[in-house]
Chemist: 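Take this structure first; my questions come after.
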Number of protein chains: 2
Amino acid sequence: MTELSGAADSASPPRAPNIRDVAKAAGVSHQTVSRVLNDHPSIREATKERVLQVMEQLQYRPNRAARTLVTSKSRTIGILAATSASHYGPASSIGAIQDAAREAGYYVSTANMHNTETSGIQDALNHLVSQSVEGIVVIAPQKRVFDVISELQVSVPYVTMQSSSDSPHTVSVDQRGGARLATRHLIERGHRMIYHLAGPQDWIEAEERMAGFLEEMSAQDIPTTAPILGDWSADFGYRAGRELLRFRDFTAIFSSNDQMALGLIHAIRDEGLDCPRDVSIVGFDDIPEAAHFWPPLTTVRQDFTELGRRCVAQLLGNISEPEVVNIEGITAELVVRGSTAGPSF
Amino acid sequence: MTELSGAADSASPPRAPNIRDVAKAAGVSHQTVSRVLNDHPSIREATKERVLQVMEQLQYRPNRAARTLVTSKSRTIGILAATSASHYGPASSIGAIQDAAREAGYYVSTANMHNTETSGIQDALNHLVSQSVEGIVVIAPQKRVFDVISELQVSVPYVTMQSSSDSPHTVSVDQRGGARLATRHLIERGHRMIYHLAGPQDWIEAEERMAGFLEEMSAQDIPTTAPILGDWSADFGYRAGRELLRFRDFTAIFSSNDQMALGLIHAIRDEGLDCPRDVSIVGFDDIPEAAHFWPPLTTVRQDFTELGRRCVAQLLGNISEPEVVNIEGITAELVVRGSTAGPSF
DNA sequence: GCGGCCGATGTGACCGTGCACATATCGGTG
DNA sequence: CACCGATATGTGCACGGTCACATCGGCCGC
């Protein structure tokens, strides 16, 4: 642990002004000042103005700690994030969460899980709880996280995003439906031998996409092989692609995200083959770069920003018309580009 | 503004235990409990153990607001981020900042700027200051941010990252050196007509990279054209590429980041040309996907994670050997891949 | 044997704010 | 003009920690 050095520039007075200082200067009681701060209705306009003026003059800033102490409301929500938070999707959602929270007058504090061990989750969770956050958005929808949260008996409301599990604490894109769209697209193009490159086993969203894939395949009576479990990275996609292409027993691959799809395309090319001529590829997420891949990637778009906003809305119990809320609210959308075509044989 | 609903599960008792509750249960004074919390040296081992046990039993959690109130140390640092925070680089750094801060016992709160207007910066800054953060990391190195910070007379220490300006509040990768490496690489391959696709005008790092480009060109006595100012996005890279290629008066482009480079390559292909045969491209950042682009992208790698760590270290005044610190500490590294070759004519 | 010192612990005040309650002020009413 | 209720403002206390200082033994040295 280390200490933060003193203020940067100004040789500030030893103590910042508080409401009593303001009160004295304005010739009112501290309570009146407090009322001004909290927009209390029964306060005379003239008084209010005078107080506000003094505040301005004294550079008064309310002390959040004091307020939190007495109200026991921290006005802070926490984000529990996986290391994957540097990816486009999660990062976008986090941004949206922060914005939505701020708009609602809340602060946001973030903690990353260092690993997917129970201890890593616990540490991060403790870190958040210890600042008495009023709610938590879990953005690392790994199954284990649920267990840890319930095991710890966290007494804080929480929401997880991007999963479609049976938990009530969930805001999600319809991952399963999106995966079915992607799969159906390949089938409609005539593919019958389709692989699925899935995300990590313990990610709920990976599981949902896999489930969607299997559902659609089975609905169309097409036999499937076991999905490959990846780690979301382009590197993994490349290695998996090289491996798979040793036996060319497929004509299309549905990848669980765009990065892995990019790796697959790379592998296809390095094997002297062509996408989409020899192998069609569909991704998932529609990251902004996907349209500029070669070939431009057919993928499933999800609205990460909306997702983040909804998380906060749900956490704050502020969804405009609660009865109408569609739990699977945000639908995914297929974006067809150049990486898919009919099979060449 | 909305209120957060009550605790999720447990019908918790009206009040959480405080140090006096613990003290009573352990048969000591509240101050002794406080000493245990703060690892005070002169406390008997037996007493300490007893207190700790009671804490465990009562599920005691120290109240951060109370501690902050009395010590006036919030143990929180703020991150002031641009919307670009969803990009790989900034997101990685933010993750590293959060981890480093937590390791040092600090909490992290993040605020995004909604726009680059003064008001947007001010709002975000106020949001951070109002929670009495002890320090701020600015991760949106736009020049205007500096102005606003100094104008507001923010009395909080701050550090900005990814700029190499003359400000003392800076931790940076050697952007300029990296840009020179990239440019020199193109020159060494024989290119003489080289364009630069820069980042937004008001970004310090964009400026630095541009400066590096111009420096190297001038050092080698090669005439330059005015750089194009982009917005970091692949989309812009694509549009700029299409535009530029109407006059093929160049054989190479140095792009200020990898995303725009991707868009350029896409444009080159759409014009029926080939990268690197007709045009060589160099990017900047080395995002994880760059190795899997087609062609794999020659680019300049910077260590975002280390950057984030150093920001926190600097902010906490914890750099191990202050005298030895190299302000330009983190060097950038050229990664040569397939997108560069000699000019074809 | 006694003063002094040190380690271990206790006592009370205080940090800045909001809440419950008390009090003043004012206009209208019978 | 006494009385009522509503509006506007003031008074003390509580929140849960930490800090400064007081207290209390025991041990040491002369």
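A, B, ... follow the sequence lines: proteins, then strands. Residue 1 opens every chain.
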Chemist: Phosphate oxygens OP1/OP2 of D:dT18: is one of them under 4.0 Å from a side-chain N or O of B:N38?
Modeler: yes
Chemist: B:I97 and B:V108: which non-hydrogen atoms are nearest, and at how many Å?
Modeler: O-CG2, 4.5 Å
Chemist: Sugar-phosphate means primed atoms, P, OP1 and OP2; the rest is base. With that split, encode nucleotides 4-12 of chain D 5' to 3' as B, S or - using protein heavy atoms under 4.0 Å.
Modeler: ---SSBBBB
Chemist: Expressed in angstrom and rounded to an integer, what is the separation of B:L69 atom CG from D:dC19 atom C1'?
Modeler: 13 Å
Chemist: Nearest-Å distance, CZ (B:R67) to C1' (C:dG16)?
Modeler: 18 Å
Chemist: Is there a side-chain polar atom (N or O) of A:S34 under 4.0 Å from OP1 or OP2 of C:dT17?
Modeler: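 No, because none of the side-chain N or O atoms of A:S34 sits under 4.0 Å from OP1 or OP2 of C:dT17.
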Chemist: Round to the nearest Å and state the distance from A:R75 atom CZ to C:dT17 atom C1'.
Modeler: 15 Å
Chemist: Among A:V22, A:V54, A:V33, exactly one meets side chain to side chain contact (heavy atoms under 4.5 Å, CB included) together with A:V28. Which residue is that?
Modeler: A:V33
Chemist: Show the nearest heavy-atom pair for residues B:N112 and A:G95, with the distance to one decimal.
Modeler: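 Smallest interatomic distance, heavy atoms only, reads ND2-O, 3.3 Å.
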Chemist: Quickly work out the A:K73 NZ to D:dC15 P distance and round it to whole Å.
Modeler: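 The distance from NZ of A:K73 to P of D:dC15 comes to 17 Å, rounded to the nearest Å.
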Chemist: Any chance you could lay out the side chain to side chain contact (heavy atoms under 4.5 Å, CB included) test for B:I121 and B:R144, step after step, and finish with the verdict?
Modeler: CA-CA 9 Å; B:I121 302 173; B:R144 197 196 302 257; 3.8 Å; yes
Chemist: With a 3.5 Å cut-off and no angle check, do the side chains of A:R64 and A:T76 form a donor-acceptor pair?
Modeler: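 Checked: A:R64/A:T76 side chains pair up, N/O donor to acceptor below 3.5 Å.
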Chemist: B:L37 CG to C:dT9 C1': how many Å, rounded?
Modeler: 16 Å
Chemist: Quick check for you: among C:dC15, D:dT18, C:dT17, whose closest atom lies nearest to any side-chain atom of A:Y60?
Modeler: C:dT17
Chemist: Would you indicate what B:R61 reaches in the nucleic acid, counting non-hydrogen atoms under 4.0 angstrom: base, sugar-phosphate, or nothing?
Modeler: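 B:R61: backbone/sugar contact only, no base atoms under 4.0 Å.
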Chemist: What is the bend of the helix from C:dG1-D:dC30 to C:dG30-D:dC1 when you compare the axis at one end with the axis at the other, using five pairs each and rounding to 10°?
Modeler: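 Axis angle across the helix from C:dG1-D:dC30 to C:dG30-D:dC1, nearest 10°: 50°.
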Chemist: Hey, does the side chain of A:N18 come within less than 4.0 Å of C:dG16's phosphate (OP1/OP2), counting only N and O?
Modeler: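 Answer is yes, contact under 4.0 Å.
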Chemist: Between A:L80 and A:H127, is the side chain to side chain contact (heavy atoms under 4.5 Å, CB included) condition met? List the steps.
Modeler: CA-CA 10 Å; A:L80 181 65; A:H127 186 73; over 6 Å; no
Chemist: Under the side-chain contact (heavy atoms from CB on, under 4.5 Å) rule, collect the residues that match up with A:H30, sequence neighbours excluded.
Modeler: A:I19, A:R20, A:A23
Chemist: Evaluate salt bridge (Lys or Arg N to Asp or Glu O under 4.0 Å) for B:E306 paired with B:R309, printing each intermediate quantity in order.
Modeler: CA-CA 5 Å; B:E306 178 61 20; B:R309 269 198 292 270; 3.1 Å; yes
Chemist: Write down the distance between CD1 (B:I19) and C1' (C:dT11), rounded to a whole number of angstrom.
Modeler: 13 Å
Chemist: Please give me the minimum heavy-atom distance between A:V148 and A:T118, naming the atom from each residue.
Modeler: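 The answer is CG2-CG2, 3.7 Å.
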